[in-house]
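All residue numbers refer to positions in the sequence shown, counting from 1. What you are looking at is a predicted structure, and each value in this text was computed from that prediction instead of being measured.
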Amino acid sequence: MSLISKRKKTLILYLSNKKDFVTAKDLSQVLDTSEKTIYRLVKQLNDESTDGLLIKSERGRGYKLDYKKYIEGGYIKETPKMNISPIERRNNVIEELLFISPVAKNISEIYEKYYVSDTVISSDEKIIANNFKRYNLKLERHNQMIKVLGKEEDIRKAIKELVQDNKIGNMDALHLAPDSEFNRYDAQFIFSQIKTIESKMNITLPYPYNVNIFSHLYIVLSRFRKVGTKLYRKSQQLSVKDREAAKENPEIFVMAEKIINNINRYLQAELPEMEVYYLYQYLVSSRMQKETSEDETIDEEVESITNFYIDEMMFRLGVNIDRTALFHSLAKHIKPMINRLNHGISMKNNLLEQIKLEYTEIFNKVSEVSVLVSKNFHLPDINEDETGFLTLYFAQIIERFPHKVKTLIMCTTGVGTSELLRVKVERKFPEVEVVDVVSTQNINEILQSQTDIDLVISTIRTSDYIKVPHLLVSAMFTLDDQERLADMIEGIRYDKKSIV
């Protein structure tokens, strides 16, 4: 599928979470753009759809996503290969240069298939060189020859983040699809090595850790095939520090040695010992689910960081989180996360944009806490991909034990039919917590003293002095009343998505 602009993607994600039509005005506020831009985005998406209109429209109601077409995935036409964008062109050049580094290549040969001018090539060079800076890599050109220079670990990190992560969604997507961009035989071999790790260690490597290891091993094979021993400038042996680190997890280090020996036989070559340590770093940075039910040992640092996240998130969200239900699953994620941070290993979060849209408030709060974690526990910065993974743990526990919609029921006296209404509301809507049945005389006093009230249900017409959402219903609580209350609850919960 061709790349979709960020606004298009945000528009689709937003509509995918709405069951009814959304006006252009509301969409323009979500995307922070004009209503005219919304019209254009919808038209472009519908023009690009391969199977009828992706987004339906009705005058006076707005837009609604055809979710069936969206989920089936055939809604964007493929971009012809010869008509690629400047970004795609530069990404292709980056990939070619990184995989052959430190070997130089003629720049005319690289660009001949793109039919662009020398001015465009020069502009690309500057942009690519700037992209490489954050990986401590240098783009070097002598006459017509160009190459990338830097440490091997930095080159592999750049390949993974700039190239590989964009090609991999999950292991199912990789699994030898006919149009796969991966070498079929190398992919089959790597799958077998991952199965070997799982079988010998009696573990399961869940997504996305299995993808991370696949990516690393595929880069090892690809780099060696393109460059051979030139990628190792000198014999790379493990340092004393590396050997000491490996002693912390001897079983994992032995497994890394076994896999690299298998790769040596597969390539009919002898990779340096440093490759063992590279793989070891990826393995200790992965979550390994034991096939047995025995509890894993949680060290002091992991325990402290896990409790810090839970305490801070409870405070910032203003909710009581079930600590028992959350602690062990979160700690099992944080343990390999610390190793990833310390080893400089990144892990692509393919759900990041959807997480940020669906759980905006939780994501923002986790981001704030992550800054404190890095500072207080002397860890490298925690990036958005990691923050997205952490967000899911808090979202999951809050969804499992949702915050109820705190509600007041109001009538003229606070008794009689309102008590009957209370029973009907609580029976029909278990997600509603009726805090009290009150009269019109003391509603303001109660709202001032109980600032966490989400909703007021009233049997009499209310005025604008009630600043919380309020709904007028009949004392008999008809089907129409129930439908309107359901819609209001959904709106309240969407607005408070972080705590429901």
Practice item. Could you tell me whether the side chain of S199 and the main chain of K195 form a donor-acceptor pair under 3.5 Å? Key: no

Practice item. For the pair K424 and D481, find out whether any cationic side-chain nitrogen is under 4.0 Å from an anionic carboxylate oxygen. Key: no

Check your understanding: Backbone N or O of L205 within a donor-acceptor pair of the E198 side chain at under 3.5 Å?
Key -> yes

Check your understanding: Between the side chain of N249 and the main-chain N/O of I252, is any donor-acceptor distance below 3.5 Å?
Key -> no

**Study point:** Any residue meeting salt bridge (Lys or Arg N to Asp or Glu O under 4.0 Å) with K56, in chain and number order, not counting sequence neighbours
**Key:** none

**Study point:** Working for side-chain contact (heavy atoms from CB on, under 4.5 Å), residues M337 and M347
**Key:** CA-CA 9 Å; M337 184 190 80; M347 189 162 67; over 6 Å; no

Review point. What is the minimum heavy-atom distance between I298 and A331, and which atoms define it?
Key: CD1-CB, 3.9 Å

Exercise for review: State, with a plain yes or no, whether a side-chain heavy atom of F308 is found less than 4.5 Å away from one of L372.
Suggested key: yes

Practice item. Test side chain to side chain donor-acceptor pair (under 3.5 Å) on S370 and Y309 and set out the steps. Key: CA-CA 8 Å; S370 292; Y309 267 110; 2.8 Å; yes

Exercise for review: Taking Q482 for its side chain and F477 for its backbone only, find out whether a donor-acceptor pair lies under 3.5 Å.
Suggested key: yes

Review point. Do you know which two heavy atoms are closest between T459 and L472, and how far apart they sit?
Key: C-CD1, 3.7 Å

Revision key, fill the gap. Between the NE2 atom in H333 and the CD1 atom in I338, the distance rounded to the nearest 0.5 Å is 10.0 Å

Practice item. Examine distances only and state if a side-chain atom of K160 and a backbone atom of S346 form a donor-acceptor pair shorter than 3.5 Å. Key: yes

Point to revise | Cationic N near anionic O, under 4.0 Å, K25 to E35 | key: no

**Study point:** From CG (L65) to CD1 (I55), nearest 0.5 Å
**Key:** 6.0 Å

Check your understanding: Once the angle between the rings of Y280 and F253 is folded into 0 to 90°, is it parallel (under 30°), tilted (30 to 60°) or perpendicular (over 60°)?
Key -> perpendicular

Exercise for review: Can you see which heavy atom on V473 is nearest to which on L421, and at what distance?
Suggested key: CG2-CD2, 3.9 Å

Check your understanding: For L11, which of V30, L27, T37 qualifies under side chain to side chain contact (heavy atoms under 4.5 Å, CB included)?
Key -> L27

Check your understanding: Does a donor on one side chain and an acceptor on the other come within less than 3.5 Å for Y135 and E161?
Key -> yes

Review point. Hey, is CZ on F377 packed in by over 12 heavy atoms from elsewhere, all under 6.0 Å?
Key: yes

Check your understanding: At their closest point, which heavy atom of D454 faces which heavy atom of P469, and how far apart are they?
Key -> O-CD, 3.3 Å

Point to revise | Step-by-step side-chain contact (heavy atoms from CB on, under 4.5 Å) determination, D47 to K43 | key: CA-CA 6 Å; D47 288 345; K43 185 178 185 305; 2.9 Å; yes

**Study point:** E58 atom CD, neighbour heavy-atom count above 12 within 6.0 Å
**Key:** yes

Check your understanding: Hey, are the side chains of I345 and Q281 touching, using non-hydrogen atoms and a 4.5 Å cut-off?
Key -> yes

Check your understanding: Is there a side-chain contact between Q289 and I203 (heavy atoms, below 4.5 Å)?
Key -> no

Check your understanding: Under 4.5 Å between any side-chain heavy atoms of V405 and E433, yes or no?
Key -> no

Point to revise | Distance, nearest 0.5 Å, that separates CG of N91 from CD1 of I128 | key: 8.5 Å

**Study point:** Check ion pair D299-K335 (N to O, under 4.0 angstrom)
**Key:** no

**Study point:** Pairwise side-chain contact, N136 with K151, heavy-atom cut-off 4.5 Å (strictly under)
**Key:** no

Check your understanding: Are any non-hydrogen side-chain atoms of V369 and L390 less than 4.5 angstrom apart?
Key -> no

Review point. Counting N and O atoms only, with roles assigned by atom type, does the side chain of D385 sit under 3.5 Å from a partner on the main chain of K348, one being a donor and the other an acceptor?
Key: no

Exercise for review: Compare every heavy atom of A24 with every heavy atom of Y39, then report the nearest pair and how far apart it is.
Suggested key: CE2-CB, 3.6 Å

Exercise for review: Step by step, work out the side-chain contact (heavy atoms from CB on, under 4.5 Å) result for L352 and F363.
Suggested key: CA-CA 10 Å; L352 181 60; F363 180 85; 3.8 Å; yes

**Study point:** Side-chain (S374) to main-chain (P380) donor-acceptor, under 3.5 angstrom
**Key:** yes

Check your understanding: Does any N or O in the side chain of T391 come within less than 3.5 Å of the main-chain N or O of F389, such that one atom is a donor and the other an acceptor?
Key -> no

**Study point:** S215 side chain vs V211 backbone, donor-acceptor pair below 3.5 Å
**Key:** no

Check your understanding: Could you give the distance from CG (D26) to CG (L31), rounded to the nearest 0.5 Å?
Key -> 11.5 Å

Review point. L455 and K406: side-chain contact (heavy atoms from CB on, under 4.5 Å), yes or no, with the steps?
Key: CA-CA 6 Å; L455 173 65; K406 292 184 178 294; over 6 Å; no

Check your understanding: Is K157 salt-bridged to E153, going by a charged N under 4.0 Å from an acidic O?
Key -> no

**Study point:** Spacing of L217 atom CG and Y282 atom OH [to the nearest 0.5 Å]
**Key:** 9.5 Å

**Study point:** Any side-chain heavy-atom pair of H216 and L283 under 4.5 Å
**Key:** no

Practice item. Return yes if a side-chain donor-acceptor contact under 3.5 Å exists between R340 and N212, otherwise no. Key: no

Review point. Taking atom types as modelled and ignoring hydrogens, do the side chains of N350 and Y207 form a donor-acceptor contact shorter than 3.5 angstrom?
Key: yes

Review point. Does Y63 reach the side chain of V22, with side-chain heavy atoms less than 4.5 Å apart?
Key: no

Point to revise | Ion pair check, D487 and R484, cut-off under 4.0 Å | key: no

Exercise for review: For R287 and P336, indicate whether the former's side chain and the latter's backbone hold a donor-acceptor pair under 3.5 Å.
Suggested key: no

Point to revise | Pairwise distance CD(E368) to CZ(R316) - rounded to 0.5 angstrom | key: 5.0 Å

Study note, to complete from the structure: All heavy atoms of L420 vs all of M476, minimum pair found to be CD2-CE, 4.5 Å

